[in-house]
S.K.: 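After the structure tokens below, expect a handful of questions from me.
Computed from a prediction, not measured in an experiment: that's the story for all the values here. By convention in this document, chain letters (A, B, ...) are assigned in the order of the sequence lines, proteins followed by strands, and residues within each chain are numbered from 1.
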Amino acid sequence: MVINMTNKYSSIKKNDFKSFATTLRTNMCGELNRDLIGSKVKLCGWVNKRRDHGKLIFLDLRDFTGLVQVVFDAHDNEPAYNIAKEIRTEYVVLIEGTLKARSAETVNKELATGDVEVAADSISILSSSKTPPYALDERDRVDEMTRLKYRYVDLRTEDMQESLRLRHKVTSTTRQYLNSNGFIEVETPILAKSTPEGARDFLVPSRLNPGTFYALPQSPQLYKQILMFSGFDRIYQIARCFRDEDLRADRQPEFTQIDLEMSFVGVDDVLKLIEGLIAKIFAETLGSDLALPFKRLSWKHSMEAYGTDKPDLRFGMEITDLTDIFKNSQFNIFINVLSRKGVIKGLKVDDGSQFTRKELDEFVDTARKYGAGGLIWIKVESGNVLNSPVSKFLTDDEKQQLIDRLELKENNLVLIVADQFLKTCSALGALRNYLGHRLNLIDLDAFDFAWIVDFPMFEFDDREKRLSPMHHPFTSPSPDSLDMLDIEPLNVKSLAYDIVLNGNEIGGGSIRINDIELQRKIFRILGFDDKRIEDNFGFFLRALQYGAPPHGGIALGMDRLVMILGMLESIREVIAFPKTQSAYCIMTESPSVVTEQQLSEVSIKLSPAKKQGEE
RNA sequence: GGAGCUGUCGUCUAGUGGUUUAGGACACGUGCCUGUCACGCACGAGGUCGCGGGUUCGAAUCCCGUCAGCUCCGCCA
């Protein structure tokens with residue numbers, strides 16, 4: 001609704017309105033109140049609504065500060081009235097008039113300016129408008145495709161104004177905070193070097209160097225580190241990052257990170273700084289006081305208890321390990337899993353026996369979707385009788401141990417997954433999240449932060465059949481697991497950390513490697529041969545040889561953070577011009593084909609099948 | 001690469017094989033209206049039922065394909 005634009009995130013204070021006075025206007029719509037009664041005002045804005053009563057016309061004039069009612073009376077001022085008759089919704093107009101008090105019966109308590117109205121002396125049309133595709137107050141009912149096509153209209157709505165002003169508040173607060181902590185803002189190239197590690201790069205052909213390409217940065221990571229080598233000590237940027245991967249509600253091909261790097265720091269220094277930043281952002285935007293410091297969970301514990309490295313800590317329902325209970329099981333599924341060093345874990349769901357067979361089948365599908373072989377469910381009936389399709393495969397002793405371990409009571413539901421560790425955890429973690437929402441276990445007003453620490457240095461990439469870095473290849477191994485690098489790299493911990501809020505990863509960083517030999521070693525463990533190391537990272541290794549301080553940093557996902565602050569469902573709501581799931585901009589119709597000449601200037605020939613955007 | 005959901009006037013939608021000439025609300029146009037603020041009243045205009053093919057005497061409706069949007073899996077160092 002655009003009735004009462006509150007603009008709680010607008011940085012304008014009451015007495016700042018004067019700075020908006022221009023040659024075309026004296027006041028803003030939303031500032032008009034009893035104190036200004038009698039003054040001559042010149043107002044500019046959009047026509048939110050026209051109400052035509054014959055010889056009397058009301059216009060609601062809107063700017064970003066709010067709405068004010070303007071009255072045109074045919075008897076008092078016929079020329080202005082005649083123009084007002086032609087005015088339509090979303091016309092941009094300039095109105096001159098006198099601010100008057102409304103009579104007691106006509107005061108509108110729903111409107112911030114409802115005590116007053118403008119008696120118009122004149123009106124001029126600065127710009128007419130076609131009938132808009134939808135009325136602004138219909139926004140929440142209108143299909144997103146339509147809103148994106150007419151984004152300039154959509155952005156006029158109170159919701160979008162508030163989102164982008166909230167976003168601005170976050171960036172400006174961040175800049176203030178980091179500036180006052182000794183950081184300087186340094187820009188780094190958008191035309192950067194392609195490094196095939198990590199996400200897929202967006203490529204930009206170089207006209208002056210035919211056949212070669214820049215890549216848009218996936219993050220300013222190496223530039224940040226090199227600036228540390230250069231002695232700036234602390235730098236940040238509100239950095240645009242580009243990753244050519246498939247989209248999600250919380251993933252756009254270009255997105256913004258609060259990206260910073262510090263010299264001569266350890267893990268605690270970075271975490272403490274960021275806790276201060278987040279607390280300040282929450283104080284400035286929501287006015288809420290966060291309890292510091294945030295709790296810290298090891299990656300291992302997070303996976304075991306919550307089945308994910310970005311746990312939603314607003315509710316309990318932790319996963320319980322049951323492997324030992326079934327070590328002598330005669331149940332084929334368990335025997336198979338255990339013989340392959342798998343695990344058996346369970347989730348106890350209070351009041352879970354209410355679920356129908358159909359719903360339980362859906363839980364099984366969910367578990368399969370997350371890679372688990374299947375899901376066993378057990379309903380606890382009166383007298384602690386366990387009702388399950390697999391009941392007959394469990395011994396009385398195993399059943400009793402289950403009851404004791406999970407402290408089962410009547411009406412509980414137990415969901416059990418048996419598979420390899422990661423698959424088991426993530427399947428149960430997904431079910432835990434689903435059930436948390438489904439059973440309304442989540443306090444939707446809560447903000448539950450945690451640091452996830454003690455990440456493994458590497459994970460095994462099943463497709464590539466090699467190790468890949470859990471964070472990125474510049475992350476320092478933890479000093480106490482350094483000696484395991486050669487022997488069992490999968491057990492090496494890193495000095496990486498993620499910050500998690502309500503089940504979302506909102507940032508991550510690490511203490512970096514500042515030793516060339518260690519950096520080389522990590523590249524080799526990752527399976528890069530010397531040529532590839534030189535081609536992709538030679539410049540960086542060279543830089544490491546000229547005096548590199550210990551350093552570390554972090555990047556916060558700005559879009560996600562603002563989305564959560566604004567209680568929104570998608571980062572598209574906090575990005576002025578977002579793209580669809582197929583990375584298409586409906587408003588500008590981009591990407592689009594280019595001319596043969598443009599292509600030939602950058603030495604590109606399209607394969608015949610791909611010309612003109614055809615398949 | 002895969003799965004699911006959705007697609008009907010500008011917008012939101014009703015319509016699940018046959019008086020459907022596709023209905024309603026809002027918006028829009030014209031007229032009337034001097035206190036509305038979801039203004040009111042009257043009249044009116046507006047639809048390639050996403051697109052293509054098929055089944056059928058008959059398709060918005062069933063089937064197949066395709067496109068687009070959304071959500072998710074894979075992917076996102």
Side-chain angles (χ1 to χ4, degrees), chain A residues 1-4 48-60 67-76 81 88-90 102-111 113-114 117 130-150 153 195-201 218-219 221-222 241-253 255 362 365-366 368-371 426-427 430 434 457-459 461-464 467-475 494 496 505 508 510 522-523 526 528 536 555 557 569-570 572 579-582 584 586 615:
Chain A
M1 294 287 283
V2 193
I3 290 280
N4 225 339
N48 199 61
K49 184 80 185 175
R50 184 177 67 114
R51 289 179 295 281
D52 185 341
H53 287 249
K55 295 294 171 199
L56 184 71
I57 293 173
F58 299 100
L59 288 189
D60 290 337
L67 284 185
V68 69
Q69 174 165 281
V70 184
V71 190
F72 296 84
D73 191 318
H75 290 299
D76 295 350
Y81 165 83
R88 294 294 180 270
T89 307
E90 298 307 315
R102 294 202 196 186
S103 67
E105 324 83 73
T106 61
V107 163
N108 183 353
K109 290 201 175 69
E110 302 296 309
L111 199 61
T113 62
E117 63 190 10
K130 293 177 73 168
T131 302
Y134 58 92
L136 265 52
D137 61 6
E138 288 182 313
R139 172 177 200 266
D140 51 357
R141 286 185 279 127
V142 173
D143 187 73
E144 188 175 8
M145 228 195 304
T146 308
R147 299 193 346 235
L148 289 177
K149 181 170 179 184
Y150 302 96
V153 173
T195 55
E197 259 305 291
R200 193 175 294 109
D201 283 326
Q218 297 175 29
S219 90
Q221 183 58 35
L222 292 178
C241 305
F242 306 86
R243 294 179 191 173
D244 189 4
E245 297 291 348
D246 286 359
L247 283 65
R248 290 282 192 284
D250 62 352
R251 277 164 31 191
Q252 284 274 304
F255 60 99
E362 284 167 15
D365 290 340
T366 301
R368 291 218 171 97
K369 197 164 86 172
Y370 284 82
S426 58
Y434 172 78
M457 188 76 183
F458 307 103
E459 59 192 335
D461 185 327
D462 277 329
R463 285 196 324 179
E464 306 267 331
L467 294 177
S468 71
M470 196 103 173
H471 186 55
H472 60 49
F474 317 105
T475 298
S494 74
E505 182 200 325
S510 61
I522 299 296
F523 283 144
L526 293 172
F528 299 1
N536 288 331
E569 296 296 321
S570 151
R572 295 186 298 276
K579 294 185 172 55
T580 68
Q581 197 161 55
S582 50
Y584 184 74
I586 300 178
E615 265 316 297

S.K.: Rounding to an integer number of angstrom, what distance separates rC28(B) and rG52(B) when you compare their C1' atoms?
M.R.: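 Comparing C1' positions in rC28(B) and rG52(B) gives a spacing of 33 Å.
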S.K.: Does rG35(B) have OP1 or OP2 under 4.0 Å away from a side-chain N or O of S103(A)?
M.R.: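 For rG35(B), neither OP1 nor OP2 has a side-chain N or O of S103(A) closer than 4.0 Å.
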S.K.: Which whole number of Å gives the distance between the C1' atom of rA22(B) and that of rG15(B)?
M.R.: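 rA22(B) and rG15(B) have their C1' atoms separated by 8 Å.
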S.K.: Can you check the N108(A) CG to rA38(B) C1' distance for me, whole Å?
M.R.: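 These atoms are roughly 11 Å apart.
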S.K.: Send over the distance from L148(A) CG to rG69(B) P, rounded to a whole Å.
M.R.: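 So the CG-P distance, L148(A) to rG69(B), works out to 10 Å.
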S.K.: Say we look at rU61(B) and rU16(B): how far apart would their C1' atoms be, to the nearest angstrom?
M.R.: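 Approximately 6 Å lies between the C1' atom of rU61(B) and that of rU16(B).
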S.K.: Report the distance from atom OH of Y584(A) to atom CG of L247(A), rounding to the nearest 0.5 Å.
M.R.: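 These two atoms lie 15.0 Å from each other.
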S.K.: Nucleotides 71-76 of chain B: which of its N/O atoms have a protein N/O under 3.5 Å away?
M.R.:
residue, atom, partner, partner atom, Å
rU71(B), OP1, R572(A), NH1, 3.2
rU71(B), OP1, R572(A), NH2, 2.8
rU71(B), OP2, R572(A), NH1, 3.4
rU71(B), O4, Q581(A), OE1, 3.1
rC72(B), OP2, A249(A), N, 3.3
rC72(B), O2', K369(A), NZ, 2.8
rC73(B), OP1, Y370(A), OH, 3.4
rC73(B), OP2, R248(A), NE, 2.9
rC73(B), O2', K369(A), O, 3.4
rG74(B), N7, R248(A), NH2, 2.8
rG74(B), O6, R248(A), NH1, 2.9
rG74(B), O6, R248(A), NH2, 3.2
rG74(B), N1, D246(A), OD2, 2.7
rG74(B), N2, D246(A), OD2, 3.4
rC75(B), O2', E245(A), OE1, 2.6
rC75(B), O2, R251(A), NH2, 3.1
rC75(B), N3, R251(A), NH1, 3.2
rC75(B), N3, R251(A), NH2, 2.7
rC75(B), N4, R248(A), NH2, 3.3
rC75(B), N4, R251(A), NH1, 3.0
rC76(B), O2, R251(A), NE, 3.3
rC76(B), O2, R251(A), NH1, 3.2
rC76(B), N3, R251(A), NH1, 3.1

S.K.: Base, backbone or nothing for each nucleotide of nucleotides 24-30 of chain B, written B, S, -, heavy atoms under 4.0 angstrom, 5' to 3'?
M.R.: --SSSSS
S.K.: Can you check the distance between rC9(B) and rC5(B), where both ends of the measurement are the P atom (answer in whole Å)?
M.R.: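 Nearest-Å result for rC9(B) against rC5(B) at atom P: 22 Å.
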S.K.: Does R50(A) have any salt bridge (Lys or Arg N to Asp or Glu O under 4.0 Å) partners at least two apart in sequence or in another chain, and if so, which?
M.R.: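 Salt bridge (Lys or Arg N to Asp or Glu O under 4.0 Å) list for R50(A), sorted by chain: D52(A).
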S.K.: What does nucleotides 42-48 of chain B look like as a protein-contact string, B for base, S for sugar-phosphate only, - for none, at under 4.0 angstrom between heavy atoms?
M.R.: -------
S.K.: Between Y584(A) and S219(A), which has a closest nucleotide on RNA chain B that is more 5'?
M.R.: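 It is Y584(A), whose closest nucleotide lies nearer the 5' terminus.
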S.K.: Using the side chain to side chain donor-acceptor pair (under 3.5 Å) criterion, which residues pair with S510(A)? Sequence neighbours excluded.
M.R.: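 So S510(A) forms a side chain to side chain donor-acceptor pair (under 3.5 Å) with T475(A), R512(A).
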S.K.: Could you check whether H53(A) and the base of rC39(B) form a stacked pair, meaning centres closer than 5.5 Å and planes differing by less than 30°?
M.R.: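 Yes, aromatic ring over the base.
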S.K.: Please list, chain by chain and in numerical order, all residues satisfying salt bridge (Lys or Arg N to Asp or Glu O under 4.0 Å) with R51(A), sequence neighbours excluded.
M.R.: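 Once residues adjacent in sequence are excluded, the partners of R51(A) under the salt bridge (Lys or Arg N to Asp or Glu O under 4.0 Å) criterion are D60(A).
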S.K.: Got a sec, which residues hit salt bridge (Lys or Arg N to Asp or Glu O under 4.0 Å) with E362(A), two or more places apart in sequence or on another chain?
M.R.: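 E362(A): no salt bridge (Lys or Arg N to Asp or Glu O under 4.0 Å) contacts found.
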S.K.: With a 4.0 Å cut-off on heavy atoms, is D143(A) in touch with a base, just the backbone sugar-phosphate, or nothing at all?
M.R.: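 D143(A): backbone/sugar contact only, no base atoms under 4.0 Å.
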S.K.: Quick one: label T106(A) by what it contacts on the DNA or RNA (base, sugar-phosphate, nothing), any heavy atom closer than 4.0 Å.
M.R.: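 If one applies the 4.0 Å heavy-atom cut-off, T106(A) turns out to touch a base.
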S.K.: Would you kindly compare G54(A) and S582(A) by the position of their nearest RNA chain B nucleotide and give the one closer to the 5′ end?
M.R.: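 In this pair, the answer is G54(A).
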S.K.: According to side chain to side chain contact (heavy atoms under 4.5 Å, CB included), who are the partners of R102(A), at least two apart in sequence or on a separate chain?
M.R.: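 By the side chain to side chain contact (heavy atoms under 4.5 Å, CB included) rule, R102(A) matches Q69(A), T106(A), V107(A), N108(A), L111(A), E117(A).
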S.K.: Atom CG of D73(A) and atom P of rG35(B): how far apart are they, to the nearest Å?
M.R.: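 Atom-to-atom, D73(A) to rG35(B), this comes out as 10 Å.
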S.K.: Can you name the side chain to side chain donor-acceptor pair (under 3.5 Å) partners of D76(A), sequence neighbours left out?
M.R.: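 Not a single residue meets the side chain to side chain donor-acceptor pair (under 3.5 Å) criterion with D76(A).
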S.K.: Who passes side chain to side chain contact (heavy atoms under 4.5 Å, CB included) against D201(A), sequence neighbours left out?
M.R.: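 Expected list: S194(A), L203(A), A215(A), Q218(A).
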S.K.: Taking the P atom of each, how far is rG53(B) from rA59(B), in whole Å?
M.R.: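 It works out to 13 Å between them.
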S.K.: Can you tell me how far C1' in rA45(B) sits from the matching atom in rG2(B), rounded to whole Å?
M.R.: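 Taking atom C1' in both rA45(B) and rG2(B), they lie 47 Å apart.
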S.K.: When you compare rU36(B) with rG31(B), how far apart are their P atoms, in angstrom units rounded to a whole number?
M.R.: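 Going atom to atom, P in each nucleotide, I get 24 Å.
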S.K.: Apply side chain to side chain contact (heavy atoms under 4.5 Å, CB included) to residues Y134(A) and R141(A) and explain how you reach the verdict.
M.R.: CA-CA 10 Å; Y134(A) 58 92; R141(A) 286 185 279 127; over 6 Å; no
S.K.: Run the side chain to side chain donor-acceptor pair (under 3.5 Å) test against E459(A) and tell me which residues pass, sequence neighbours left out.
M.R.: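 E459(A) satisfies side chain to side chain donor-acceptor pair (under 3.5 Å) with no residue once adjacent residues are dropped.
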S.K.: Under the rule for salt bridge (Lys or Arg N to Asp or Glu O under 4.0 Å), what residues qualify as partners of K579(A), not counting sequence neighbours?
M.R.: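 For K579(A), the residues satisfying salt bridge (Lys or Arg N to Asp or Glu O under 4.0 Å) (neighbours in sequence not counted) are E254(A).
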S.K.: Rounded to whole angstrom units, what separation is found between the NZ atom of K579(A) and the P atom of rC70(B)?
M.R.: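 So the two atoms are 13 Å apart, to the nearest Å.
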S.K.: So is the aromatic ring of Y134(A) stacked onto the base of rU11(B), judging by whether the centres are under 5.5 Å apart and the planes are under 30° apart?
M.R.: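 Aromatic stack with rU11(B) absent for Y134(A).
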S.K.: Just to be sure I understand the rule, does P473(A) reach a base, reach only the sugar-phosphate, or reach nothing, if contact means heavy atoms closer than 4.0 Å?
M.R.: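 Contact class for P473(A): base.
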S.K.: Okay, side chain of T195(A), backbone of E197(A): is any donor-acceptor separation there less than 3.5 Å?
M.R.: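 No.
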